[in-house]
Amino acid sequence: MRKTRIHLGEPPAVVNVGVGVHGVASRTDVFRLPELWQLHLYRYEAELTVDGTPHSVRPGSVSLVPPGATVRFRYRGRSEHLYAHLRTTAAGTPHTVPVLQDAGAELPLLTTSLLQAVASAPGEPDRTRAEVWAALWRIARLAPAAARPGPHPAVTAATAYIEAHLAAPLTVPAVARAAGVSHNHLTRLFRAATGATVVAYIRRRRLDRAHHLLRASTLSIPAVAASVGFADLQAFNKACRRELGGSPRALRGEPGPPPAATAVAP
């Protein structure tokens, strides 16, 4: 099965939503959901077969499997994905959707919607339905891969993780784990997509955000530094001078301290 058709004229009934963990007890799963759609947003690489048709799962892939289809997963190790199991009604015009496709630039928004759906499920089921419905509409409108130039999904996943964690300690292995690829593979993909190393990209994004906060907010300079992951003010000052051309105070437009008096030889 390469494509399926789904109605989105009304919000779905979300029966279950969460974070699925697989590939621990067994590297293979084979199962069906006789009455429910399966929506998966992947953070790993695996092989997926839907009713006999093989698909290659990569970080940033999203799948939509109709009720009754037989799915077979072959994992490469511990594998986590966001999922929703749901029912739909035959309302509205049906949409033809690939069973598996890359989320591309929509990945951060899809991830946010599904994470919010998971968080709201215990106490706000209506919010969960709304978030999953929004995610389904985004999936139905994804452009074909050939018409959607962009970086490898692992790079998209990595940059989304970096943006969400600029204030925290960030290492390349941690970013690679979040993107579902190895350290070395992410390094190669990142350089091909951006021309920079992962470390250089993190530094640039931290300083870009710091520059914005210095110019647009009244946050103290120590608070700005902490919000972009600099625990040491001296290191923050040096980074701003080196990368942005001035001290944090100068970038903010505040006057600097008066120059120290210089002794002049008689």
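We use all heavy atoms of the structure for the numbers below, so side chains are in, but hydrogens, waters and symmetry mates are not.
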(message) Under 3.5 Å, is there a donor on one side chain and an acceptor on the other for R2 and T53?
(response) no
(request) Provide the closest heavy-atom pair for T218 versus R252 in the form atom of the first, atom of the second, distance. (result) C-NH2, 4.0 Å
(message) Main chain of L109, side chain of S113: is a donor-acceptor contact present, judged purely on distance under 3.5 Å?
(response) yes
(message) Is there a path of hydrophobic side-chain contacts, each under 4.5 Å between heavy atoms of I/L/V/M/F/W/Y residues, joining Y201 to F236?
(response) no
(message) Ignoring hydrogens, what is the shortest heavy-atom contact between A135 and L114? Give both atom names and the distance.
(response) CB-CD2, 4.2 Å
(message) Under 4.0 Å between a side-chain nitrogen and a carboxylate oxygen: does that hold for D102 and R58?
(response) yes
(request) Quick one: do F73 and H22 satisfy side-chain contact (heavy atoms from CB on, under 4.5 Å)? Show the steps, please. (result) CA-CA 9 Å; F73 282 96; H22 299 272; over 6 Å; no
(request) Locate the shortest heavy-atom distance separating A200 from A196; write the atom from each residue and the value. (result) CB-CB, 4.3 Å
(request) Taking the side chain as every heavy atom from C-beta outward, state whether V175 and F190 have any atom pair closer than 4.5 Å. (result) no
(message) Nearest 0.5 Å, please: how far is NZ in K3 from CG in L64?
(response) 13.5 Å
(request) Might you point out which heavy atoms bring P34 and R32 nearest each other, and give the distance in Å? (result) CD-O, 3.6 Å
(request) Looking only at non-hydrogen atoms, find the nearest pair between T156 and P108 and report the distance. (result) CG2-CD, 4.4 Å
(message) Run V17 and T128 through side-chain contact (heavy atoms from CB on, under 4.5 Å) and show every step you take.
(response) CA-CA 9 Å; V17 63; T128 294; 4.1 Å; yes
(request) Check whether any side-chain N or O of W37 sits under 3.5 Å from a backbone N or O of H85 as a donor-acceptor pair, and report yes or no. (result) no
(request) Taking all non-hydrogen atoms of both residues into account, name the closest pair between P153 and G60 and its distance. (result) CB-CA, 4.0 Å
(message) Could you check whether any side-chain N or O of S79 sits under 3.5 Å from a backbone N or O of G77, counting only pairs where one atom can act as donor and the other as acceptor?
(response) yes
(message) Run R129 and E131 through salt bridge (charged side-chain N to carboxylate O under 4.0 Å, His left out) and show every step you take.
(response) CA-CA 6 Å; R129 293 181 72 191; E131 295 289 354; over 6 Å; no
(message) Please check this pair: side chain of S61 against backbone of V57, looking for a donor-acceptor N/O pair closer than 3.5 Å.
(response) no
(message) Checking D208 now: which residues fulfil side-chain hydrogen bond (donor to acceptor under 3.5 Å, both in side chains) with it, not counting sequence neighbours?
(response) R204, R205
Donor-acceptor pairs are to be reported for all side-chain atoms of residues 41-50 against protein atoms at under 3.5 Å, with residues two or more places apart or in another chain.
unit_1	atom_1	unit_2	atom_2	d
Y42	OH	H40	ND1	3.2
Y42	OH	S63	OG	2.7
Y44	OH	H81	ND1	2.7
E45	OE1	R76	NH1	2.6

(message) Filter on side chain to side chain donor-acceptor pair (under 3.5 Å), then keep only pairs touching residues 185-198, sequence neighbours left out; what's left?
(response) none
(request) Check the hydrophobic clustering (I, L, V, M, F, W, Y; side-chain heavy atoms under 4.5 Å; chains of links allowed) and say if W133 and L86 are grouped together. (result) yes
(request) Measure from the side-chain N and O atoms of H165 to the backbone N and O of Y161, and report whether any donor-acceptor pair falls under 3.5 Å. (result) yes
(message) If we count only N and O atoms by modelled type, under 3.5 Å, do the side chains of R141 and H95 hold a donor and an acceptor together?
(response) no
(request) State plainly whether one hydrophobic cluster holds both L39 and Y83, where clusters connect Ile, Leu, Val, Met, Phe, Trp and Tyr through side-chain heavy atoms under 4.5 angstrom apart. (result) no
(request) Would you mind reporting whether V71 and Q38 have side-chain heavy atoms less than 4.5 Å apart? (result) yes
(request) For the residue pair R241 and L244, establish whether any side-chain heavy-atom pair is separated by less than 4.5 Å. (result) no
